[in-house]
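Comments concern the structure below.
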Amino acid sequence: DTLQEVLRKRQLQPENGLLLAASDGLIDQADKLGLATIGFLNPAFPGQNYEKAQILVEGFEEVDFYFLERIYDRKHKIPWRVIDTKRCYLREMTLNDLDDLYALYAGHGMTKFIEPLYEDRQEEAAYMKAYIDHQYYYFGYGMWLVMEQESGRLIGRAGLDNREIHGKVELEMGYAIAYEKKKKGYGFEVCTAILAYAKDFLEFKRVNCFVDQENTASIRLLLKLGFSEMEEMEIGGKKMLRYVFEF
């Protein structure tokens with residue numbers, strides 16, 4: 001039977017499924033039907049290219065429900081909820097968050113030490129789409145939205161990105177919390193969880209932060225988190241202090 005016939009006989013909808021297969025034939029059928037797909041590198045099926053598979057696996061040691069759910073979400077552009085803390089959760093952004101992001105960045109002092117959003121909303125939307133399609137998809141991490149658990153409101157942005165430092169790709173942490181939530185421990189709570197995530201799931205030995213020397217509040221936070229000042233560097237034509245957290 002074809003994959004479509006199998007689904008029809010069992011009254012299953014393609015958008016509700018995920019297929020793990022070892023042959024290009026099945027994966028190609030699944031792709032045409034809109035199924036999420038995982039290619040299994042099975043030596044019993046040589047000569048496959050798995051071009052249409054979303055991801056490839058060689059074994060099943062790390063293939064648990066969490067893994068499968070995330071592959072499904074990627075197929076259907078469902079944002080990952082990455083980290084939960086006591087008062088917040090961090091999730092990936094979507095284009096539907098554009099209005100809330102502009103409202104956040106319009107808040108008091110929000111862009112004093114971070115880059116503002118594009119004035120042209122279409123330009124910002126294009127940048128967001130490219131970031132979602134590339135940074136999130138290929139690396140599995142990036143700058144996330146900080147959502148308040150109790151209210152479900154957007155109260156900041158924080159996360160991890162890649163930056164080339166002295167010719168080597170390293171991990172950089174960024175964060176910004178809305179003015180009305182400052183001095184309530186949200187920054188420390190969120191950044192502590194991000195550092196734990198980086199240690200547990202990413203293959204880096206340290207996390208970097210770059211901060212304006214006038215941003216004394218961020219410097220105090222970094223020191224409280226256990227960062228150490230390393231050097232002064234020029235980032236985007238501006239002198240910044242580099243702080244490092246070693247695992």
Side-chain angles (χ1 to χ4, degrees), residues 13-19 27-28 30-39 50-56 66-84 88-107 110-111 113-148 152-164 169-178 190 193-194 197-198 201-202 204 207-208 210 235-237:
Q13 299 301 316
E15 62 270 21
N16 295 331
L18 182 149
L19 177 74
I27 292 172
D28 290 348
D31 180 69
K32 291 176 182 177
L33 292 172
L35 269 161
T37 56
I38 299 174
Y50 302 108
E51 183 180 354
K52 297 295 179 65
Q54 289 174 249
I55 196 169
L56 303 179
Y66 182 72
F67 176 88
L68 297 174
E69 182 182 42
R70 290 199 156 192
I71 300 305
Y72 177 88
D73 288 348
R74 277 286 179 262
K75 175 67 175 180
H76 298 288
K77 301 186 183 303
I78 300 170
W80 289 0
R81 179 163 169 161
V82 186
I83 298 173
D84 278 76
C88 307
Y89 64 90
L90 278 68
R91 69 162 172 84
E92 296 175 342
M93 61 183 175
T94 73
L95 293 177
N96 292 330
D97 296 309
L98 201 58
D99 288 343
D100 289 340
L101 278 168
Y102 271 97
L104 174 71
Y105 274 67
M110 192 67 181
T111 58
F113 296 112
I114 64 172
E115 290 291 323
L117 303 178
Y118 288 107
E119 290 186 15
D120 185 330
R121 290 174 65 93
Q122 290 186 341
E123 196 171 359
E124 182 64 33
Y127 171 80
M128 284 177 63
K129 184 179 185 306
Y131 190 90
I132 292 166
D133 291 344
H134 296 90
Q135 178 68 30
Y136 287 165
Y137 192 93
Y138 290 108
F139 295 101
Y141 57 86
M143 288 300 295
W144 300 305
L145 303 185
V146 181
M147 311 297 295
E148 191 173 39
R153 290 179 55 246
L154 174 66
I155 63 167
R157 295 183 78 179
L160 299 161
D161 239 322
N162 298 327
R163 181 181 289 276
E164 186 174 314
V169 176
E170 297 217 24
L171 202 59
E172 178 186 5
M173 183 174 73
Y175 51 87
I177 300 296
V190 167
I194 291 172
Y197 179 90
F201 297 108
L202 305 182
F204 288 87
V207 175
N208 299 268
F210 293 91
I235 304 293

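Not measured: the values here are computed from a predicted model. Side-chain atoms are counted along with the backbone in the values below, which use heavy atoms only and exclude waters and symmetry mates.
- Here the side chain of Tyr136 pairs a donor or acceptor atom with the backbone of Met93 at under 3.5 angstrom.
- The shortest side-chain heavy-atom distance between Ile194 and Leu90 falls under the 4.5 Å cut-off.
- No side-chain heavy atom of Leu160 sits less than 4.5 Å from a side-chain heavy atom of Phe204.
- Partners of Arg81 according to the salt bridge (Lys or Arg N to Asp or Glu O under 4.0 Å) rule, which considers only residues two or more places apart in sequence or in another chain, are Asp84.
- Residues that satisfy the side chain to side chain contact (heavy atoms under 4.5 Å, CB included) test with Arg153, not counting sequence neighbours, are Glu148, Ser151, Ile155, Glu180, Lys181.
- The salt bridge (Lys or Arg N to Asp or Glu O under 4.0 Å) search around Asp120 returns none, not counting sequence neighbours.
- Looking at every heavy atom in both residues, Ile71 comes nearest to Ala36 through O-CB, 4.3 Å.
- Take Ala126 and apply the side chain to side chain contact (heavy atoms under 4.5 Å, CB included) test, not counting sequence neighbours, and it matches no residue.
- Rounding to the nearest 0.5 Å places CZ of Arg163 at 11.5 Å from CG of Leu171.
- Between the side chain of Asp161 and the backbone N or O of Gly142, no donor-acceptor pair lies under 3.5 Å.
- Residues Arg74 and Ile55 form no side-chain contact, since every pair of their non-hydrogen atoms from C-beta on lies 4.5 Å or further apart.
- Nearest heavy-atom pair across Gly152 and Met147 is O-CE, 3.2 Å.
- Between Leu104 and Arg157 there is a side-chain heavy-atom pair separated by less than 4.5 Å.
- Evaluation of the side-chain hydrogen bond (donor to acceptor under 3.5 Å, both in side chains) rule for Asp28 yields no partner, not counting sequence neighbours.
- Between Lys77 and Thr94, the closest side-chain pair of non-hydrogen atoms is not below 4.5 Å.
- In this structure, the side chains of Leu56 and Ile38 stay at 4.5 Å or more apart for every pair of heavy atoms.
- Side-chain contact between Glu51 and Ile27 is absent, with no heavy-atom pair separated by less than 4.5 Å.
- Separation of atoms CD (Glu124) and CG (Leu95) is listed at 10.0 Å; rounding is to 0.5 Å.
- Residues satisfying the salt bridge (Lys or Arg N to Asp or Glu O under 4.0 Å) criterion with Glu69, sequence neighbours excluded, are absent altogether.
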For Leu101 and Leu145, run side chain to side chain contact (heavy atoms under 4.5 Å, CB included): C-alpha distance rounded to whole Å, both residues' side-chain angles, the deciding distance at 0.1 Å, then the answer. CA-CA 9 Å; Leu101 278 168; Leu145 303 185; 3.8 Å; yes
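- In this structure, the ring-ring contact (aromatic ring centres under 6.0 Å, His included) partners of Phe139, at least two apart in sequence or on a different chain, are Tyr141.
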Go through it in stages, so that I can follow the logic: the residues are Leu18 and Thr37, the test is side chain to side chain contact (heavy atoms under 4.5 Å, CB included), and I'd like the CA-CA distance, side-chain angles, deciding distance and then a yes or no. CA-CA 6 Å; Leu18 182 149; Thr37 56; over 6 Å; no
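- For Tyr127, the OH atom is loosely surrounded, since the number of other residues' heavy atoms within 6.0 Å does not exceed 12.
- Looking at Arg91 and Asp97, a side-chain N of the basic residue comes within less than 4.0 Å of a carboxylate O on the acidic one, giving a salt bridge.
- Between the CD atom in Glu92 and the CE atom in Met143 there is a gap of 13.0 Å [rounded to 0.5 Å].
- Residues meeting the salt bridge (Lys or Arg N to Asp or Glu O under 4.0 Å) test with Asp31, sequence neighbours left out: Lys52, Lys75.
- Under the rule for a ring-ring contact (aromatic ring centres under 6.0 Å, His included), the partners of Phe201 that lie at least two apart in sequence or sit in another chain are Tyr197.
- Shown here are the side-chain hydrogen bond (donor to acceptor under 3.5 Å, both in side chains) partners of Thr111, two or more places apart in sequence or in another chain: there are none.
- Using a 4.5 Å cut-off on side-chain heavy atoms (C-beta onward), Tyr89 and Trp144 make no contact.
- Considering every non-hydrogen atom in both Ala53 and Gly39, the closest pair reads CB-N, 3.7 Å.
- Residues forming a side chain to side chain contact (heavy atoms under 4.5 Å, CB included) with Tyr66 (at least two apart in sequence, or on another chain): Asp64, Arg70.
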Give the C-alpha distance, both sets of side-chain angles, the deciding distance and a yes or no for side chain to side chain contact (heavy atoms under 4.5 Å, CB included) between Tyr105 and Ile114. CA-CA 10 Å; Tyr105 274 67; Ile114 64 172; 3.8 Å; yes
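- For Ile78, the side chain to side chain contact (heavy atoms under 4.5 Å, CB included) criterion is met by Tyr72, Asp73, His76, not counting sequence neighbours.
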